[in-house]
Amino acid sequence: MSESAARPQPSSRALRVYLTAVVCVGAIVMAQAVIDSVRTPYPLAWLGLALLALVSGWYRLDFTSVDATIGIDDTFWIATALMFGPGPASLAIVSHAVMFSIRRRLAMRQAAFNFAALGISMWMGGRAFFALTGVAPLAIGHAPIGHLVLPVFALASVYFALNSGLTAVVLGLVTRQSPVTIWKKHFRWHGVAYLGAASVAFCLVLLLQQRSLAAAAMVLPLLAVFHLTLRASFGRLDDARKHLGNMDRLYLSTVETLAMAIDAKDDVTHSHVRRVQAYAVGLARALNVTDEPTLKAIEAAALLHDTGKLAVPERILNKPGKLTESEFEQMKQHVDIGADILSLVEFPYPVVPIVRAHHESWNGSGYPRGLKGTEIPIGARILSVVDCFDALTSDRPYRKKMTDGEAIAILRERQGQMYDADVVDTFVRVYQSIDVGCGDAPEVMQRVTRSRHDEGAGRELAPEVSANAPGSLLAFVSLSRIASGDASVADVLALGSRLLADVVPGATGAWYVPDGTRDRLIVADTFGPAAASMRGLTVAVGERLTGWVAANRQCIVNSDAALDLGLKAEASGLQSCMSVQLLMGESLVGVLSLYAPAVNAFADDCGRLIEMVAPHIAAAIHAAAPAAAESKTTADKAPAPLRLVATR
């Protein structure tokens, strides 16, 4: 049936011993087969059958749809064994293997294994037949037909079992997988064809025994029809499989595109899902997850596990710093929301359970269901580990990315509590060998992200404020109108400080302006109870809360003041921070950071009011900047000559 060639990789000792043993046994068998063939009568007859087998062997059919190779040559090998004994049949099939090896240019060790495995299989199958029947080869002996049926099928079964089993073992040694698993995946379909070949061979032998050469010759067209029918039937099956494969690739591409679009919503996790997918699939294979539906489910779930973030407000999703209790509760909802969204898609594999459980903990302390241990799907256990590792080794606005060693230490610390210990151990062992070369997100996805922070959109001056607005708000509007005269930056900031003291009483504020020579922000003016401790502060663009706002041009509200001020926050009793960007067109002119002694001190109304007046303050600073640069007196009081720096 199939002389499927093992393809040995770099040798192991067990593999070398196994190959040597098979080849040695095969050599002994072939020596005996040569002796038996010389003693067999009717040499032209068995050579004719062998020649038919050799010719038909060139017309084998390879079917990827069932991972099988089917041919009609086995019919003639089995017929040769029945008519003339296992010796001539083994010699004939090895001759075919020699031609096959030359045609495929197989390596010597691989070819030797194929010769030996096929010779042993046919020899043992033939010996089993004659041991059960107790008769001589059927070319010279006779037996009742009823007594031959089961032995014929025994011959086919032994031939199939040894041929496929010997190959499955060598593949298992090469790939370090279970031979049983390999046999089920690659060889189980072959057995039916072996039995079919044995049936046709038996009929052919009976006709030859009756000296009905014409009837025997009629078997050949039947074999040709069988061959063509199989080719047409399985050809259609192969076409259908290719079509399904193309649809599957299209489906996964669509899923990946959706996942990247969701990923683009989150400012701090670009390409996160693609890296997580690579880690998750690689780790699953390292854990010997071989079930194809489970692997596909992990592949899709890794891409889509953050789908529920569509329902999380961006002020929470992109908040630098620790979330409040209420914000965290809202963030936790993304798991169920994501799973519910994906449940509307009829996935052919279990994606939804993985997404719903990827924040569960091994000890049952996770969410949303409190699952523990093996109640958590293996895909979710894998996803939780790789998701954490990628998050720890990626930059965040409130901290620099950790080294791999630091991230691994945290995984080890949580091992057996949050994460499955076996999954962590395996990940630590193999993560460096997993290719996560995702690269940057496609240009179109980068455009999605940029469009959300389009410098020219929404940055114009706020519309006119009605006359019944609060007096402090009207003062800001007036400030933007008069600042185009002789006012300096220091004048603008001083007036802004006085007005903000009324808008957010009890808060401490700091006006940060860019120092273009060093790509840093420096405090130009302060106000409030802790103003003295703020003076002289500087921060690099992109660092801490203020620097993050400058780099990303996105306001943060009610973050932890310690993330911006460090120990100064504790010393001054400050807990909350609100930081808002001051932009004029495409240029950053400053950042206003406010600090308060209470948690969540900046209510929604207060935050919206400050965001509303921010464009007016920016316009005033922008208009005052030229006057500041021209006046040495003003320059003594204000920061170094102001240069407008386009945000990165």
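Fair warning: this is a prediction, and the values are worked out from it, not measured in the lab. Index from 1, following the sequence.
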Indicate the atoms forming the closest heavy-atom contact of [X] with [Y], along with that distance.
X: F130; Y: P86; result: CE1-CD, 3.8 Å
X: V424; Y: V385; result: CG2-CG2, 4.0 Å
X: A357; Y: L371; result: CB-CD1, 4.4 Å
X: C388; Y: L411; result: SG-CD2, 3.9 Å
X: A156; Y: A198; result: CB-CB, 3.6 Å
X: A168; Y: W183; result: CB-CB, 4.1 Å

Going from [atom1] on [X] to [atom2] on [Y], what distance comes out if it is rounded to the nearest 0.5 angstrom?
X: D306; Y: D387; atom1: CG; atom2: CG; answer: 6.5 Å
X: I298; Y: I378; atom1: CD1; atom2: CD1; answer: 7.0 Å
X: R429; Y: L283; atom1: CZ; atom2: CG; answer: 9.5 Å
X: R381; Y: L287; atom1: CZ; atom2: CG; answer: 9.0 Å
X: N163; Y: L118; atom1: CG; atom2: CG; answer: 5.0 Å
X: I93; Y: M30; atom1: CD1; atom2: CE; answer: 10.0 Å

Scan for side chain to side chain donor-acceptor pair (under 3.5 Å) pairs involving residues 20-38, sequence neighbours excluded, and state none if there are none.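 Those involving residues 20-38 are Q32-D36.
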Donor-acceptor pair, [X] side chain versus [Y] backbone, under 3.5 Å?
X: T80; Y: A89; value: no
X: T426; Y: V423; value: no
X: Q277; Y: E299; value: yes
X: T403; Y: E406; value: yes

Using a 4.5 Å cut-off on heavy atoms from C-beta on, say whether the side chain of [Y] contacts that of [X].
X: Q415; Y: D425; result: yes
X: H358; Y: V335; result: yes
X: Y431; Y: V386; result: no
X: I354; Y: Y349; result: no
X: R356; Y: L342; result: no
X: S121; Y: F160; result: no
X: L155; Y: L82; result: yes
X: F113; Y: L166; result: yes

Verify side-chain hydrogen bond (donor to acceptor under 3.5 Å, both in side chains) between Q417 and R414, making sure each step is shown before the conclusion. CA-CA 5 Å; Q417 301 177 34; R414 299 173 180 177; over 6 Å; no
Under the side-chain hydrogen bond (donor to acceptor under 3.5 Å, both in side chains) rule, collect the residues that match up with T294, sequence neighbours excluded.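 T294: side-chain hydrogen bond (donor to acceptor under 3.5 Å, both in side chains) contacts with D291.
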Taking side-chain hydrogen bond (donor to acceptor under 3.5 Å, both in side chains) as the definition, give me every residue that meets it alongside N363, ordered by chain and number, with sequence neighbours left out.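 Partners of N363 under the side-chain hydrogen bond (donor to acceptor under 3.5 Å, both in side chains) test: S365.
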Centre-to-centre under 6.0 Å for F153 and F202, is that the case here?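 For F153 and F202, the ring centres are not under 6.0 Å apart.
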Taking the ring of F389 and the ring of Y279, is the distance between their centroids below 6.0 Å?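 They qualify: ring centres under 6.0 Å apart.
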Run L195 and S157 through side chain to side chain contact (heavy atoms under 4.5 Å, CB included) and show every step you take. CA-CA 7 Å; L195 295 178; S157 299; 4.3 Å; yes
Apply side chain to side chain contact (heavy atoms under 4.5 Å, CB included) to S361 and Y367, showing your working. CA-CA 8 Å; S361 294; Y367 62 89; over 6 Å; no
Heavy-atom count check: over 12 atoms from other residues, nucleotides or ligands less than 6.0 Å from R127 CZ?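 For R127, atom CZ is not crowded (no more than 12 foreign heavy atoms under 6.0 Å).
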Determine whether the side chains of R285 and T290 contain a donor N or O and an acceptor N or O closer than 3.5 Å.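 No.
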Do we see a donor-acceptor contact under 3.5 Å between the side chains of Q432 and D404?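 Not at all, the side chains of Q432 and D404 share no donor-acceptor pair under 3.5 Å.
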Using side chain to side chain contact (heavy atoms under 4.5 Å, CB included), reason through V355 and T307 one step at a time and then give a plain yes or no. CA-CA 9 Å; V355 173; T307 299; over 6 Å; no
Quick one, S394 with R275, criterion side chain to side chain contact (heavy atoms under 4.5 Å, CB included). Give me CA distance, side-chain angles, the key distance, then yes/no. CA-CA 11 Å; S394 301; R275 294 191 302 271; 3.2 Å; yes
Ion pair check, D390 and R274, cut-off under 4.0 Å: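 No.
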